[in-house]
Amino acid sequence: MSVELDVFVVNTTIMDEEVYQLWLDGYTVNDAVKVRMEGGVLEGCEASAEVLHSDTMDQYRTFQMCERLLHSPVKLANQLLFQIPPHRQVMLIERYYAFDSVFVREVLGKKLSKGTKKDLDDVSAKTGVTLKSCRRQFDNFKRVFKVVEELKGPLVENIRQHFLLSDKLARDYAAIVFFANNRFETGKKKLHYLTFQDFAFCAGQLISNWTVGALGDYNMVEDMDVDLEKEFLQDLKELKILITDRDLLDQHKSLVCTALRGKTKAFNEMEANFKNLSRGLVNIAAKLTNTKEVRDFFIDLVEKFIEPCRSDKWTAGDMRLYLTHYTNSAHVLDTFKHQVVWDRYMGVIKSCILKMYHD
Amino acid sequence: MPGKLKAKIVAGRHLPVMDRASDLTDAFVEVKFGNTTFKTDVYPKSLNPQWNSEWFKFEVDDEDLQDEPLQITVLDHDTYSANDAIGKVYIDIDPLLSSEAATVISGWFPIYDTIHGIRGEINVLVKVDLFNDLNRFRQSSCGVKFFCTTSIPRCYRAALVHGFVEELVVNEDPEYQWIDRIRTPRASNEARQRLISLMSGELQRKIGLKVLEMGGNAVVGYLQCFDLEGESGLVVRAIGTACTLDKLIPGSASNTNTHPNTAPASNACNSPSKEIKESPLAHGCRSSHNSPVHSACSSQRLSHSQNFSVSVPTLVFTGMGSGISVGKEAGPLKTLLRQQAQSALEQREFPFFTLTCFPPGFLVHIGGVVSARSVKLLDRIHNPDEPETRDAWWEEIRQEIKSHAKALGCHAVVGYSESTTICEEVCILSASGTAAMLNPRFMREGCLDAGGSDQRLSRQPPLGMVGSERAEGEVSSSWLGFDDASPPSCGFCHIPYDEFNMPFPAQLTYCYHCRRQKVPDVLFTTIDLPAEAAVTGKGCLIQARLCRTKKKAQGEVNATAISNLLPFMEYELHTQLMNKLKLRCMNALFGLRIQISVGENMLLGLASATGVYLSALPAPGGIQIAGKTPSDLSYDQHISTMQKRINDTIAMNKELYNIHPPECIEEVVGSPIPDRQRSRLFRSTSESSDELSELDLSHGKKDAFVLEIDDTDAVEDIQSLLTDAPMPAGFYSCNTEVMPGIYNWTSGLQMFTSVRVYRLNNANLTNQGLNKIFTDLCENLLKSLYFKLRSMIPCCLCHLNFTVAVPEEELIQVAVTAVAMSFDKETQLAADKALNKGSGENEEQLQFSMELCGESTSSNNQPTAKPSGLPESAMTHSSSRDRCSTWLELLRLKAHTIRRGSVKTTSSSERCSPLPEVRSRSLRSTRSLPCGAPVTVVKMTPLSFLPRTRIVKYLGIINMFFIRETTSLREEGGVSGFLHSFIAEVFAMVRAHVAALGGNAVVSYSMKECVFMENPNKNQAQCLINVSGDAVIFVRESDQEAIPPLITCGQTSTTGADGTT
């Protein structure tokens, strides 16, 4: 005797969160049954593996039918096929769009193209995330990217409205979209120590300070949150004066050193390295007009600034102190006229470096 | 031109992409009614078109309004080729024809295609203007209300119960017409859907006419079925109970004696012309064939006419029932009662009632289950307009049922239902019900009101009454005396037949409740447990399962073979039921449904019922095992271990179901054969029943139930008796409306449909092998349900009725639609305690009034028990408003912020208005939000009520038929994926229709047909589903009302009584 057909349909669709997670994680039905058995779901119920298998199949089918709706979450709220209580809808969406940080770290900054998708099996092997789950996550990135690409208005808000995601998740997606669009390099060995959350924070800083949208004017062009503001990048070139003008450089150094003296153990190293570090930061700014250089933004920050400091054993406190004074001292330089651009630049740089400065 | 139908197409959403090039669709809509078609403009390049059409007006006869559905077709415009159909929506406009139901249909409907399923949604507005007063036309029956619910609907009171109505219409099945060879599967499916929709409409109209003729205004317990007879045609048939219902208006005293609306109506019912038509009954009652062994051959009537027909002997299940006798002599009181009731009912051709739940006082006595089956050979229906053959077949069966009821000393049959099973050209017609004595006052005019006895006596017999009825009017005072003599909590258990001349041998004792009347030792019924019944402990689902192999055969040979098998099957099912009942230490079955399904090479039998321990009936004895040949020691040992296991199981079940009956003095009286102190069950079918009376089984305990092991089959039987897996902790189950012994439902419920198909891989199975497989698969399905619904614990699975079918050789299909309802454990424990305490003092006599008020019948044990006479205060409504689930609150919030008038989904607050008619149309018609409107939550349940809620309005009957077909079975996830999405789609369409009527729930929902066919080799499958139910508006009860006083928990009967005093 064999079961040819076996279905169980309820009026109010309530999914088992555990099974949903297994499905999202790309487990096959048989593997999911195994995991559930080991999890002790049968304890207290006089049920067999057969019952568990049938239940898992039913739920998997429901998820598959729902998946189409989850691709455009707004539809989930007013579709008629499944009667799902709103809080459950929220859970379904949030979990569907959740991603593994190990996975996102691998594709962050890569072009969301078919080529990248083809390489997902390598990513799967490397990260231990099942290929099915990798594909879902990748498709989610791509779907969000495609939708918001065409939209006007603030990026995070657009994502939240079109995909009904929580604020946190919407911000993460904004970061992913932003990285994918600007193709920031994140895969280099030197950057491996950085987590997705580090990058997401930096992306948030860049979006809210360096894009067109940062100015609060959303009526002009598309993509204002996704691309860095061209004019600003041009203006950054003017900062070069800080390192090309010898007087300015010296003046800047002495101002910073006066302020720092006695306040840190690493003072000697700071004083010795000041010119190098300042050149590093200003050069990064000056190069950003070139799209290729933009991609290397993070690697440059690490190579030109973070690594030297780390080898000099600065503490996080040292770093904060140094950057604060380094930024503020520039205001006192009377020949330096680009205060606004400087603040806009250094504000972001400072918070990014502080976020990235860890082991 | 008696009516104008108006339809407006507002918008569409989520349409499928029809143009691959642009990824968009150029949609337009065709609106068709009868032969008139209107079209909207094409809304180009959009998946969310906003047509906002004008009002399309159809001027039609009201006859057509009843028969025809409004047909809406969504198409994709194509300049160069034919327009592609996206899908259709059929809207039954019947609910708009009754002034008390819905006033407008407005909402989003899923666009359905029989090949692709749901493809987007369409927003439609439908209204009907009837020009004339409804009551004036007689060729149509507009305004007659239909209810699937098998009790008096909750916001009505029955002024009069007129009785049985039936009708059937036949047609050629489009699937079998010659044209089907050249048309597409889609066209064929749509033709079929449309035809069945038309036939249902016609059937309903015809039944409505009969109701009007009888003077009623409603049909309760409406049961419509399809017989897909294949080549020979398509039969749609329906039965129901005609009633005159009065709407209970909250706030007005409900026991007023004058009902101006009903008085003229009921006169019409009693018009002499009606009675003359009815054929007088043959007085000499045909003996009912109780012993299957006997009558298997004796009552076969083989006619060699064109219509081959075999009438199958039937069992009358009452107690241990086997034997033949008809009781006619009786004590003076009973004679009086019988005469009186009989004359009231005998005017009716069939004194049948499809109701399963009755107003207090309606049921006087219950005789037992009566059933009849008949095997027929189908042939082509030659003249669809005169379906005489089918009519005659059913007539025959009904006559048989009627005579069985007579044999049990009863004049009526309640809980009546009919069904068929078809395999190739063989068709088994079945009918079953519960023989009962009814209180005749409910059948006559003017005497239904509470405490109206004085008034009734002084009342003049209405004009046009026949003589016999006038006589009754005079004697009816004796009813009062009688009523007092049998308290409501046990009266129905008292035997209706004469104790000295019983129709079958049974043990009679004095009622354990009132000690005045005789009761049988076991009671089987097809009805729900009466609200007033005193029950000890809880009930549980009892199933008997049976599988019988049959040789493949054709035509008459096949029919004879089947009809030879049927009595044995019924007998064995009965035996199983009895054993399982004893094993659970219970003494009565309610809601008994026996389904026999025929396949090419086997017959399946499944009997489901809810077992209870009726306090009025004697305690069941244990089960005793007896070995036939006490040969060797090991055999004896084997028997004694088995006996021990049985005893242990009984003890365990007593605990489980909380059955602790008070010890009573044994008084066995009235047994016709004094030395037969116990009954005995046969295992071997080869033994003739003559042996039965000769054997004296005197070993074992008094009152024990003896199982004899004489062969290996019996051993297996006993094994299987014990292998019924116990329910997991926290679960209860029943197949009736309510679970006896559970009173404190929470509002949590989950309706589900489960379908399984099993393939028997090895062809050469024995009966025993098949039995085991069948039992296992039913058990596994139950286990699966328990597991899936574990989050509802503590809960009860209600209305757990399995439907079995043999769709193909070697395939067994089991389908079930039921509801899991959770209850509050804390209060349940307290209630149980109170019950145990209270069980000693069940002498309490309960005053019950005669008022037939739907609400007060609350058999559901839900603590509604609200004095129906009280005005339903506005306070209640406002407080219930506060208690809306967060979901509704959320929706309401949204609706407010959107500021688009009152969005319909804020139902619970809107519908709190005591007079639902107040609900303004204009408000609802503004619901034209393209995508933003949230979806109304629609609850569904197979029961007639929703716990902790009050139904304030019935919006009309939902009766839908869908076909789904696929030619890409694998791509849709195989058979399971295909059926899963189809069932989900059916739910969605039912919900959408209910929401469009303005409702928020479907009660008495059932899936009456689920025909699944597959051809995996061709990657094809097809499924037909027919569902029905009542669309309603409910409001939540405030918590104050919902908490049951513990005393009423102890005695169910008080609940009902409180409500009416």
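First the proteins, then the strands, lettered A, B, ... as listed; each starts at 1. Just so it is clear, the structure is predicted and the values come from calculations on it, not from any experiment.
- Looking at Gln813(B), there are no atoms closer than 4.5 Å to chain A (heavy atoms on both sides), in backbone or side chain.
- Both the backbone and the side chain of Asp58(A) come within less than 4.5 Å of a heavy atom of chain B.
- When heavy atoms are compared at a cutoff of 4.5 Å, Phe109(B) approaches chain A solely by way of its backbone atoms N, CA, C and O.
- A distance-only check finds a donor-acceptor pair linking the side chain of Arg790(B) to the backbone of Phe787(B) [under 3.5 Å].
- Contacts of Leu789(B) with chain A are made by side-chain atoms alone, with heavy-atom separations under 4.5 Å and no backbone atom involved.
- Of the two parts of Phe987(B), only the side chain, counted from C-beta on, holds a non-hydrogen atom closer than 4.5 Å to a non-hydrogen atom of chain A.
- With chain A as the partner, the residue from Val819(B), Ile983(B), Val990(B) showing the most heavy-atom pairs under 4.5 Å is Ile983(B).
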Apply the test salt bridge (charged side-chain N to carboxylate O under 4.0 Å, His left out) to residues Asp139(A) and Arg135(A): give CA-CA distance (whole Å), side-chain angles for both, the deciding distance (0.1 Å), then the verdict. CA-CA 6 Å; Asp139(A) 288 342; Arg135(A) 290 207 175 120; over 6 Å; no
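- Between Arg36(A) and Asp55(A), at least one side-chain nitrogen of the basic residue sits less than 4.0 Å from a carboxylate oxygen of the acidic one, meeting the salt-bridge criterion.
- Between chain A and the options His980(B), Lys939(B), Glu1014(B), Arg756(B), heavy-atom pairs under 4.5 Å are most frequent for His980(B).
- In this structure, His993(B) contributes its side chain and Met989(B) its backbone to a donor-acceptor pair below 3.5 Å.
- Residue contact with chain A, scored on non-hydrogen atoms closer than 4.5 Å, involves the backbone and the side chain of Glu985(B) alike.
- Between the side chains of Tyr96(A) and Glu67(A), at least one donor N or O sits under 3.5 Å from an acceptor N or O.
- Classification of Arg95(A) and Glu17(A) as a salt-bridged pair holds, one side-chain N sitting under 4.0 Å from a carboxylate O.
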